[in-house]
Protein chains: 2
Amino acid sequence: MLDRANIGHPWWHGRFRGCGYRLTIPREAILDVLSKTSRHLSAEDIFLAVHKVYPAVGLTTIYRTLELLVQMRLVFKFDFGDKRARYELAEGTKGIRHHHHLVCTRCGRIIDYTDFIDEEKELLGQTEKGLSKKFNFKITNHIIQFYGLCDKCQNKG
Amino acid sequence: MLDRANIGHPWWHGRFRGCGYRLTIPREAILDVLSKTSRHLSAEDIFLAVHKVYPAVGLTTIYRTLELLVQMRLVFKFDFGDKRARYELAEGTKGIRHHHHLVCTRCGRIIDYTDFIDEEKELLGQTEKGLSKKFNFKITNHIIQFYGLCDKCQNKG
DNA sequence: CCTTTATTGATAATGATTATCATATTCAAT
DNA sequence: ATTGAATATGATAATCATTATCAATAAAGG
């Protein structure tokens, strides 16, 4: 259940005011849904979840809000090869650890992993620095994904 | 210009026969287009290029063939955040070096880079091995992409 | 209370990709 | 060469996630 009257406001409250945006009920509801799952929700998933609590919120608002949240860097948008886009609260948010994804190309299962992240971060940091200099490219984000077959799908021919 | 009568056939000829597929004119034309560009073509780009030489080839065949080529691992399919999928001849093919991408989120420009690839490969190898064991996941592919602003787009507010 | 601006939702439009299905092509065996 | 089975093709229509439109609401600040 969403608790707008929370003492001290949820941590993201200020981010909105600072940008001239309003933290409305639909927006907060979407953030609430995202903050309470470890799955990788599509726009429709989020719509359905929000709908249970606030049936008046339309799908259009979901898309619009997600776009806003991505732009504010509160949310990451992923493409895992099925058609729909998937959304996830940004790392650093609450207790979410930086992670990457294993994507099963057969059943679509997605596994988050945090192992090797430290090494990866180290390498990526160097790489980003080098690339930034060489190409004069301002890197704001990166994606690492491994594709393959999960354990279950390997035993299916 | 496509040269079907090339001595010794293009290198990919055998890959088709081996799978029971036929190396037809449209398929060869598509591979030919892909092998002669360093850009990241969309299905429509490829359609237009093939169309100049073989106007009879339809867009459906382009999509179908690309799907086949991706499945045969001769071609990689990428999503750079604009809507259309982009295709690229697989590494190891001819003289193509393993590389990753910088994607400008503003103008869509894509920069291939091969620097740091060796270090990345080393790390990715370790990571893949570790992840494979831990999750019993058979990794066949990976993607690394950096997003940000290219030099030109940084000077635009 | 009033004015301005931000936000929303229903609906229609978009556009890349897929499905359908009848036709054409290829290969191998006769 | 000819035939027959399997593969490949192209025109067309359908799909479906995402966007655009636009009138209606809600909030903030005087």
Side-chain angles (χ1 to χ4, degrees), chain A residues 4 9 12-31 40-72 74-75 77-87 108, chain B residues 4 9 12-31 33 40-72 74-75 77-87 105 108:
Chain A
R4 292 200 98 201
H9 301 300
W12 51 62
H13 197 122
R15 292 279 276 272
F16 279 83
R17 300 294 300 271
C19 301
Y21 300 131
R22 295 171 188 165
L23 186 48
T24 61
I25 301 248
R27 287 172 182 178
E28 200 155 7
I30 290 169
L31 283 166
H40 308 82
L41 304 179
S42 67
E44 193 184 358
D45 293 335
I46 296 168
F47 170 68
L48 293 175
V50 169
H51 189 80
K52 286 182 190 163
V53 188
Y54 297 102
V57 175
L59 183 55
T60 304
T61 298
I62 304 293
Y63 276 107
R64 248 188 316 230
T65 301
L66 286 170
E67 185 188 2
L68 180 69
L69 294 175
V70 167
Q71 182 211 305
M72 291 174 72
L74 292 180
V75 167
K77 181 180 185 178
F78 289 100
D79 167 67
F80 292 134
D82 56 350
K83 296 302 172 184
R84 47 194 91 241
R86 305 264 167 189
Y87 299 87
Chain B
R4 291 202 99 202
H9 301 298
W12 51 62
H13 199 122
R15 291 281 277 272
F16 279 84
R17 300 295 299 272
C19 301
Y21 300 131
R22 295 170 186 165
L23 186 48
T24 60
I25 302 249
R27 288 172 182 178
E28 201 155 6
I30 290 169
L31 282 166
V33 166
H40 308 83
L41 303 179
S42 67
E44 193 184 358
D45 292 335
I46 296 167
F47 171 69
L48 292 174
V50 170
H51 188 81
K52 285 182 190 161
V53 188
Y54 298 102
V57 175
L59 183 55
T60 304
T61 297
I62 305 293
Y63 275 108
R64 248 188 317 231
T65 301
L66 287 171
E67 185 188 2
L68 181 69
L69 294 174
V70 168
Q71 183 211 304
M72 293 174 70
L74 291 179
V75 167
K77 180 180 184 178
F78 289 100
D79 168 67
F80 293 135
D82 56 349
K83 295 304 172 183
R84 46 194 93 243
R86 304 266 167 189
Y87 300 88
T105 52

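First the proteins, then the strands, lettered A, B, ... as listed; each starts at 1.
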Can you tell me the distance, in whole Å, between the [atom1] atom of [X] and the [atom2] atom of [N]?
| X | N | atom1 | atom2 | value |
| --- | --- | --- | --- | --- |
| Ile62(A) | dG9(C) | CD1 | C1' | 11 Å |
| Arg17(A) | dA27(D) | CZ | P | 13 Å |
| Tyr54(A) | dT8(C) | OH | P | 13 Å |
| Arg27(A) | dT8(C) | CZ | P | 4 Å |
| Tyr21(B) | dT25(C) | OH | C1' | 18 Å |
| Ile46(B) | dT17(C) | CD1 | P | 10 Å |
| Phe47(B) | dG15(C) | CZ | P | 17 Å |
| Lys77(A) | dA17(D) | NZ | P | 14 Å |

Distance test, side-chain N/O of Thr24(A) to OP1/OP2 of dT8(C), below 4.0 Å: yes
Side-chain-base donor-acceptor pair under 3.5 Å for Arg22(A) and dT7(C): no
Minimum-distance nucleotide to [X] side chain [options: [options]]:
| X | options | result |
| --- | --- | --- |
| Thr60(A) | dG9(C), dT17(C), dG10(D) | dG9(C) |
| Lys83(A) | dT17(C), dG9(C), dA6(C) | dT17(C) |
| Tyr63(A) | dA6(C), dT18(D), dT21(D) | dT18(D) |

Pro26(B) or Arg84(A), whichever maps to the more 5' nucleotide of DNA chain D: Pro26(B)
Return the minimal non-hydrogen interatomic distance between [X] and [Y], and the atom names on each side.
| X | Y | answer |
| --- | --- | --- |
| Ile62(B) | Ala43(B) | CG2-O, 3.6 Å |
| Pro26(B) | Thr61(B) | CB-CG2, 3.9 Å |
| Leu66(A) | Tyr87(A) | CD1-CE1, 3.5 Å |
| Val57(B) | Phe47(B) | O-CE1, 3.3 Å |

Parallel, tilted or perpendicular, as decided by the 30° and 60° cut-offs, for the rings of Phe80(A) and Phe78(A): parallel
Comparing Pro55(A) and Arg64(B) on DNA chain C - which has the more 5′ nearest nucleotide: Pro55(A)
